[in-house]
Amino acid sequence: SAVISQKPSRDICQRGTSLTIQCQVDSQVTMMFWYRQQPGQSLTLIATANQGSEATYESGFVIDKFPISRPNLTFSTLTVSNMSPEDSSIYLCSVEDAQGYEQYFGPGTRLTVT
Amino acid sequence: GIQVEQSPPDLILQEGANSTLRCNFSDSVNNLQWFHQNPWGQLINLFYIPSGTKQNGRLSATTVATERYSLLYISSSQTTDSGVYFCVPLPSGSRLTFGEGTQLTVNP
């Protein structure tokens with residue numbers, strides 16, 4: 001299994017500003033994933049982040065809006081840029097286990113944009 | 001991509017009742033996970049079960065991959081079981097795709 005922490009756990013931000021969310025894993029992992037969960041909705045994959053390469057974004061998500069860093073095998077950041085109220089969501093990072101079977105999720109970052 | 005249908009979409013139980021949640025998926029998979037998202041938003045791994053049956057306390061799960069469905073059994077439900085249950089099948093070479101889940105409410 002993997003133990004994942006996220007910072008901040010929640011934040012309230014003003015529109016037009018940016019927030020960087022950190023994800024830390026207790027072991028080295030190849031792939032890290034970022035998800036968004038809008039209020040009352042299911043989870044949607046934003047992007048996959050591999051260490052040493054550009055993140056791969058899903059349809060509907062762009063790097064200018066959601067830049068991702070992956071400086072090493074235990075850490076990643078997701079920035080939500082130029083925020084609007086529509087960005088109010090829970091943002092979750094996840095990782096695969098070493099065998100590539102199970103995925104584990106961090107506790108999430110609850111973002112409210114006013 | 002793979003389609004996931006979970007039923008029922010909503011379920012209300014009295015504490016102590018048993019329930020079965022069902023997940024149908026549209027394509028063959030080499031991985032399937034059940035998650036519980038608690039009311040605080042945290043996703044908790046329940047089972048990794050691409051096939052067969054597993055049990056963990058009051059919960060058990062069965063996946064019949066050849067018939068493309070999985071079942072989650074909850075016995076003697078407790079209020080702490082409330083939340084959303086997601087079945088997430090993973091086709092080979094693909095990434096997790098979440099369906100709408102089953103919203104479970106257990107009343108005292």
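Below, chain A is the first sequence line, B the second, and so on; all start at residue 1.
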Problem - Audit row: A:Gln28, A:Thr74, side-chain hydrogen bond (donor to acceptor under 3.5 Å, both in side chains) steps and yes/no - result: CA-CA 5 Å; A:Gln28 293 185 339; A:Thr74 63; over 6 Å; no
Handout entry: Contact origin within A:Leu45 toward chain B - heavy atom pairs under 4.5 Å
Key = side chain
Practice task
Check each atom of A:Ser1 against the heavy atoms of chain B and say whether the ones under 4.5 Å are side chain, backbone, both or neither.
Solution key: neither
Handout entry: Toward chain A, the part of B:Gln37 with a non-hydrogen atom under 4.5 Å
Key = side chain
Quick one: does [X]'s side chain have a donor or acceptor within less than 3.5 Å of a partner on [Y]'s backbone?
X	Y	value
A:Ser88	A:Thr112	no
A:Arg70	A:Ala49	yes
A:Thr109	A:Pro8	yes
A:Thr56	A:Ala47	no

Handout entry: Salt bridge flag under 4.0 Å for residues A:Asp87 and A:Arg15
Key = no
Handout entry: Between A:Thr77 and A:Ser69, a side-chain donor and acceptor under 3.5 Å
Key = yes
Handout entry: Hphob cluster co-occupancy, A:Val80 + A:Trp34, side-chain heavy atoms under 4.5 angstrom
Key =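 In one cluster with A:Val80: A:Trp34, yes.
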Practice task
May I ask you to decide if the ring planes of B:Phe98 and A:Tyr35 are parallel, tilted or perpendicular, using 30° and 60° as cut-offs?
Solution key: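 B:Phe98 and A:Tyr35: perpendicular rings.
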Problem - pair A:Ile63-A:Tyr57: side-chain heavy atoms closer than 4.5 Å - result: yes
Handout entry: Contact listing (chain A partner; residues 7-22 of chain B; heavy atom under 4.5 Å)
Key =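 Counting heavy atoms that sit under 4.5 Å from chain A, no residue of residues 7-22 of chain B is involved.
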Exercise for the section: Pull out the residues in residues 41-68 of chain B that come under 4.5 Å of chain A, heavy atom to heavy atom, sorted by number. Expected result: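 Within residues 41-68 of chain B, near chain A: B:Gly41, B:Gln42, B:Leu43, B:Asn45, B:Tyr48.
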Exercise for the section: Evaluate whether atom CD of B:Gln78 has more than 12 neighbouring non-hydrogen atoms of other residues, nucleotides or ligands under 6.0 angstrom away. Expected result: yes
Handout entry: Heavy-atom pairs under 4.5 Å with chain B, option from A:Met31, A:Glu102, A:Gln37, A:Glu58 with the top count
Key = A:Glu102
